[in-house]
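Computation of the quantities below employed the complete heavy-atom set of this structure, encompassing side-chain atoms and omitting hydrogens, waters and symmetry-equivalent molecules. Below, read A as the first sequence line, B as the second, and so on, with proteins coming before strands; counting in each chain starts at 1.
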There are 2 protein chains.
Amino acid sequence: MIASAARSRGRPREFDMNQALDNALRVFSERGYHATSIGNLTEAMQLASGSVYKAFKDKRGVFLASFDRYRAVRSSKLRVAVAAGKTGYECLHEALSFFANASQGLEGKQGCLVVSCASELATFDPEVAQKVATAMDVNEALILDLIRQGQADGSVSPDIDAAATARLLLCAVQGMRVVGKTGRTREEMMAAVGVAMKTLT
Amino acid sequence: MIASAARSRGRPREFDMNQALDNALRVFSERGYHATSIGNLTEAMQLASGSVYKAFKDKRGVFLASFDRYRAVRSSKLRVAVAAGKTGYECLHEALSFFANASQGLEGKQGCLVVSCASELATFDPEVAQKVATAMDVNEALILDLIRQGQADGSVSPDIDAAATARLLLCAVQGMRVVGKTGRTREEMMAAVGVAMKTLT
DNA sequence: TGATTTAGGGAATGACCGTTCTCTATATTG
DNA sequence: CAATATAGAGAACGGTCATTCCCTAAATCA
């Protein structure tokens, strides 16, 4: 038997898990965790409430799965975007532009699942708090990495405090997601990226 | 009759409005809007539910009043902090430090009412969305003002794009409030402020 | 084929929450 | 002092929400 074709025991799942999670995380992003009802989720995911509970235990389970999906998709897209740069400096510009683009127009208004929902839960849910902290750390580590890469290839000043700069840039991109909820244009956000790049010289 | 001593008609209010709002906004900040129940509010405000509804019409009314109170208090404190600086550059450093300080330790974990709660409501409540947008605009305008002041007194480079820099710094300070929810030290945040100041030279 | 296992769907349930109602208390007005 | 007006407190109410239950459907196992 081919390993990848191994089937589970009973009736197979009829819906596409990733597609359902993409719909769920869109609703969570727009409405926030507590304002999202099971009804909102069943409508968006095109599933009956019983099926939701069969597949995910409870509402929090849907959220946790959506959160992981969101992070996986965003991380993947970010890494693709970053790869377009050649020097460390260019990669950093790609990374900041990626966040700027997500903070503008409709996508900006939808907001960031990590920022809006997770902040809502992190206070009273240690597991979510940990996931949020990790998400932040991963982004900060990526930026720090690119700064060091830039210092190595000469595109970023060797005199800057890499750790502090990475932290400031992390704040800047997370702040873009917040400010972007009030509605900004791509030009406004890209101009901010241009200013942020000055911290690397 | 002395104007300031003019009393209203019926039984006078027994609780202190500002104190009650300070308690309410603390709960809204910690729990978010939807996760805050009337029970949470009556407990924190030390008022019976009937009294809350008599004084504020409904839950949203409590939130709106808390939001205004929060903005008034924070704005006032920010302006006091900024006044400690002499040059525009110094005033900007005071302003950024003010946000950094609020984004660290316990206050950082409590979070910002504008960021966490208002984002939660802004999607489906135009009035709240307007209030949030205004809060952002006021902060951005203050930063822009200080940059121009610095350019006038020679403490900030005349070559920088004042509007774009103000926007980036707004993103940075709002981002601090988000990142600060995951727990950061004063030193970490102040180092980020130091880096942000480089955008002014 | 019959037994077993898992998924889908939707009605039923029980708890909680926001709001209203009612009654009492305390002020001003005339 | 009566009349009026507003505040305080908490019980009562109605609706919504998350969750569970039960029945049916579709797969594998023996």
Side-chain angles (χ1 to χ4, degrees), chain A residues 1-21 23-24 27-28 30-67 117 120-121 124-125 127-128, chain B residues 1-21 23-24 27-28 30-67 117 120-121 124-125 127-128:
Chain A
M1 181 197 286
I2 303 166
S4 64
R7 283 237 185 125
S8 56
R9 198 74 189 299
R11 176 175 172 178
R13 177 169 290 141
E14 285 178 7
F15 66 91
D16 182 80
M17 177 59 83
N18 284 338
Q19 191 178 305
L21 287 178
N23 289 329
V27 176
F28 277 129
E30 282 171 2
R31 308 186 62 93
Y33 179 79
H34 286 106
T36 298
S37 70
I38 301 295
N40 296 141
L41 289 174
T42 56
E43 187 186 3
M45 300 169 88
Q46 308 231 62
L47 257 48
S49 61
S51 306
V52 170
Y53 278 82
K54 187 92 62 179
F56 305 95
K57 181 175 151 60
D58 56 17
K59 179 179 167 181
R60 183 170 172 274
V62 182
F63 177 77
L64 292 177
S66 299
F67 189 91
C117 287
E120 200 181 334
L121 290 174
F124 293 105
D125 190 324
E127 190 180 340
V128 172
Chain B
M1 183 196 285
I2 302 165
S4 64
R7 284 236 184 121
S8 57
R9 197 73 190 297
R11 176 175 172 176
R13 178 169 288 142
E14 286 178 8
F15 66 91
D16 182 81
M17 176 59 83
N18 284 339
Q19 192 178 305
L21 288 178
N23 289 328
V27 176
F28 278 130
E30 283 170 2
R31 308 185 63 93
Y33 179 79
H34 291 288
T36 298
S37 71
I38 301 296
N40 297 140
L41 289 174
T42 56
E43 188 185 4
M45 301 169 88
Q46 308 231 60
L47 287 167
S49 62
S51 306
V52 169
Y53 277 82
K54 187 91 63 178
F56 305 96
K57 179 175 151 64
D58 57 16
K59 178 179 169 182
R60 182 170 172 274
V62 182
F63 176 78
L64 292 177
S66 299
F67 188 90
C117 288
E120 199 182 333
L121 289 174
F124 293 106
D125 190 325
E127 190 180 340
V128 172

- [ ] With sequence neighbours left out, write down each residue that passes side chain to side chain donor-acceptor pair (under 3.5 Å) with B:Asp58, or none if nothing qualifies.
- [x] none
Task: Which residues share a side chain to side chain donor-acceptor pair (under 3.5 Å) with A:Gln19, sequence neighbours left out - done: none
For nucleotides 25-28 of chain C, tabulate all protein N/O to nucleotide N/O atom pairs closer than 3.5 Å, reporting atom names and distance.
residue, atom, partner, partner atom, Å
C:dA25, N3, B:Arg11, NH1, 3.0
C:dA27, O3', B:Arg7, NH1, 3.4
C:dT28, OP1, B:Arg7, NH1, 2.7
C:dT28, O4', B:Arg9, O, 2.8

Task: Set of side-chain contact (heavy atoms from CB on, under 4.5 Å) partners for B:Arg11, sequence neighbours left out - done: B:Glu14
Open item on the list: Run the side chain to side chain donor-acceptor pair (under 3.5 Å) test against A:His34 and tell me which residues pass, sequence neighbours left out.
Closed with: A:Glu120
TODO: Would you kindly give the CZ-to-C1' distance between A:Phe28 and D:dA18, to the nearest whole Å?
DONE: 12 Å
Please report, to 0.1 Å, the donor-acceptor pairs under 3.5 Å made by any side chain of residues 42-50 of chain B, with sequence neighbours excluded.
residue, atom, partner, partner atom, Å
B:Thr42, OG1, B:Ile38, O, 3.3
B:Thr42, OG1, B:Gly39, O, 2.9

Task: ring pair (Phe, Tyr, Trp, His ring centres under 6.0 Å) contacts touching residues 39-62 of chain B (sequence neighbours left out) - done: none
Task: Nearest-Å distance for atom pair CD/C1', residues B:Gln46 and D:dA7 - done: 17 Å
TODO: Output yes when at least one side-chain N/O atom of B:Ser51 is less than 4.0 Å from OP1 or OP2 of D:dA7, else no.
DONE: no
- [ ] Starting from P on D:dT6, measure out to CZ on B:Phe56 and report it in whole angstrom.
- [x] 17 Å
What are the atom names and distances for every N/O pair under 3.5 Å that joins the protein to nucleotides 17-20 of chain C?
residue, atom, partner, partner atom, Å
C:dG18, OP1, B:Thr36, O, 3.4
C:dG18, OP1, B:Lys59, NZ, 2.9
C:dG18, OP2, B:Ile38, N, 2.7
C:dT19, OP2, B:Tyr53, OH, 2.7
C:dT19, OP2, B:Lys59, N, 3.1

Open item on the list: The criterion is side-chain contact (heavy atoms from CB on, under 4.5 Å); which residues satisfy it with B:Asn18, sequence neighbours excluded?
Closed with: B:Asp16, B:Arg69
